[in-house]
Amino acid sequence: MAALSLAARPSREPIYLDHAAATPLDPRVEAAMHAAAAVAFANPSSPHAAGRRARALLEDARERILTLVGGRTSGASRDRLVFTSGATEANRLGVLGTAGSHAGIVAYSPRDHGSVVTAAARLVAAGWRGVPLPLDPGGGACSAAGRLAATSHSRPVMLCLTPLCGQTGIRDSLEPLAAASPATTPLVHADATQAIAWDAISFRDLPLTSLAFAPCKFGGPRGIGALVLRGDVPLEPLADGPQERGLRGGTEPVALAVGFATALELAVAGRSEASRHVTLLRDAFERNVVAAARRHGIDSYVVGQGADRGPHITTIAFRGCDRQAVVMAADLAGLCLATGTACASGSSEPSAAVAALGLPSWVPAAAIRASFAASITSAEVDLAIAKLDGVFRGFVAGGLHRSIDTQ
Ligand code: PLP
């Protein structure tokens with residue numbers, strides 16, 4: 001399938017640099033969904049011909065996605081894929097649904113999305129011991145998770161990991177975990193929502209029991225996500241029902257599943273080209289926004305600049321500038337940015353993922369996130385910089401750039 005066209009085209013207003021929260025629907029995905037909706041409108045559980053046609057498309061989409069993420073698609077230990085409403089539900093199902101009835105240890109880190117942390121908190125409320133994993137100097141949590149798995153004899157042990165952090169873009173290699181000889185076989189849930197479009201993940205080759213992701217982060221529809229589950233791991237459904245082989249109730253959205261499979265195929269086929277393009281855009285954005293801030297006498301800090309990062313996310317702090325005020329001023333100027341993950345955007349607390357990196361205290365308070373996709377052009381990045389230049393000018397003129405702790 002052809003990779004997304006990167007041809008120059010006129011820039012759009014507002015400039016949208018919040019693709020880690022949601023990406024526009026790719027027109028090729030939209031076309032595939034329309035085609036599926038036209039022929040597979042029936043309930044896939046209905047035994048008649050129309051239902052069977054919907055079922056066939058649903059199972060085909062499931063198989064395509066499972067194959068693309070390296071799931072075992074045949075044999076007795078065949079992996080399963082449960083369609084959910086999004087990554088939030090997939091994370092909850094992965095953590096809570098596989099936990100079983102005996103309380104053990106649940107480990108999580110500040111890299112994890114709120115949905116993982118709240119699922120872990122549910123286990124703690126049910127009597128599990130919560131172990132917050134410290135981040136290593138590179139910003140990852142897998143080394144600490146590997147050490148915990150190697151030394152913990154209590155069971156069960158549930159490790160929650162995030163291969164690509166949705167706030168900072170910093171990657172975390174799962175290799176230390178594979179290398180550790182676990183004292184007990186841990187349950188390992190990975191939230192690959194930000195990683196899956198950019199990094200090849202082979203479920204069968206990783207020491208994972210469950211994997212969550214959703215297509216609205218890579219040109220696919222919203223309202224659907226997936227949990228991939230190792231074949232031999234029991235899952236307790238959170239929403240009972242006969243659908244999804246009893247693992248999740250509710251009539252399956254066939255057209256969304258087809259859009260999901262199409263979007264993932266496009267992301268995988270265009271991955272190298274998109275990564276190159278987006279890395280160049282991100283680097284240019286970082287360079288030019290830091291220079292623009294400096295022209296106005298404002299220091300900047302690019303979080304994780306020396307670390308192994310995914311291409312599409314940057315988090316930058318502008319010293320003395322309140323992050324929410326910057327995002328609001330940018331919005332008024334026609335530029336969509338974020339302070340962090342969309343579900344935490346109402347929070348007055350700085351991002352835990354940034355705060356845990358041990359950076360100067362002004363950084364978390366002043367950190368904003370910009371995130372990119374292959375559909376963005378360098379002209380749009382230039383326009384974004386011009387808008388931020390205006391924001392900094394306004395901050396300095398209004399004395400707003402000293403609005404927070406500058407220690
Ligand atoms: N996990 C990560 C790492 C995310 O970045 C997000 C959303 O931004 C989610 C989970 C939640 O995804 P959804 O919006 O599909 O529920």
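Every number for a ligand or one of its atoms is a count from 1 in the order of the listing.
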At the 4.0 Å heavy-atom cut-off, does [X] count as touching ligand 1?
| X | answer |
| --- | --- |
| Arg222 | no |
| Thr162 | no |
| Ala20 | yes |

Using a strict threshold of under 4.0 Å (side-chain N to carboxylate O), is an ion pair present between [Y] and [X]?
| X | Y | answer |
| --- | --- | --- |
| Arg393 | Asp389 | yes |
| Arg294 | Asp299 | no |
| Asp18 | Arg369 | yes |
| Glu89 | Arg248 | yes |

Aromatic contact, Tyr301 with Phe318 (centres under 6.0 Å):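 No; Phe318 has its ring centre 6.0 Å or more from that of Tyr301.
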
Could you tell me which atoms of ligand 1, counted from 1 in the order shown, lie closer than 4.0 angstrom to a heavy atom of [X]?
| X | answer |
| --- | --- |
| Gln194 | 3 (C), 4 (C), 5 (O), 8 (O) |
| Ala214 | 15 (O) |
| Asn91 | 1 (N), 10 (C) |
| Gly86 | 15 (O) |

Sequence neighbours excluded - ring-ring contact (aromatic ring centres under 6.0 Å, His included) pairs with any residue from residues 191-218: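 Checked against ring-ring contact (aromatic ring centres under 6.0 Å, His included) - neighbours excluded - the pairs reaching residues 191-218 are Trp198-His312, Phe213-Phe260.
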
Evaluation steps, side chain to side chain donor-acceptor pair (under 3.5 Å), between Thr314 and Glu286: CA-CA 8 Å; Thr314 181; Glu286 288 177 349; 2.6 Å; yes

Record the part of [X] in heavy-atom contact with ligand 1 below 4.0 Å; permitted values are side chain, backbone, both and neither.
| X | result |
| --- | --- |
| Thr88 | both |
| Glu89 | neither |
| Ala87 | both |

N or O contact, Asp191 vs ligand 1, cut-off under 3.5 Å: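 In this structure, Asp191 places an N or O atom under 3.5 Å from an N or O of ligand 1.
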
Side chain to side chain donor-acceptor pair (under 3.5 Å) between His189 and Asn91, worked out: CA-CA 8 Å; His189 174 74; Asn91 279 331; 2.8 Å; yes

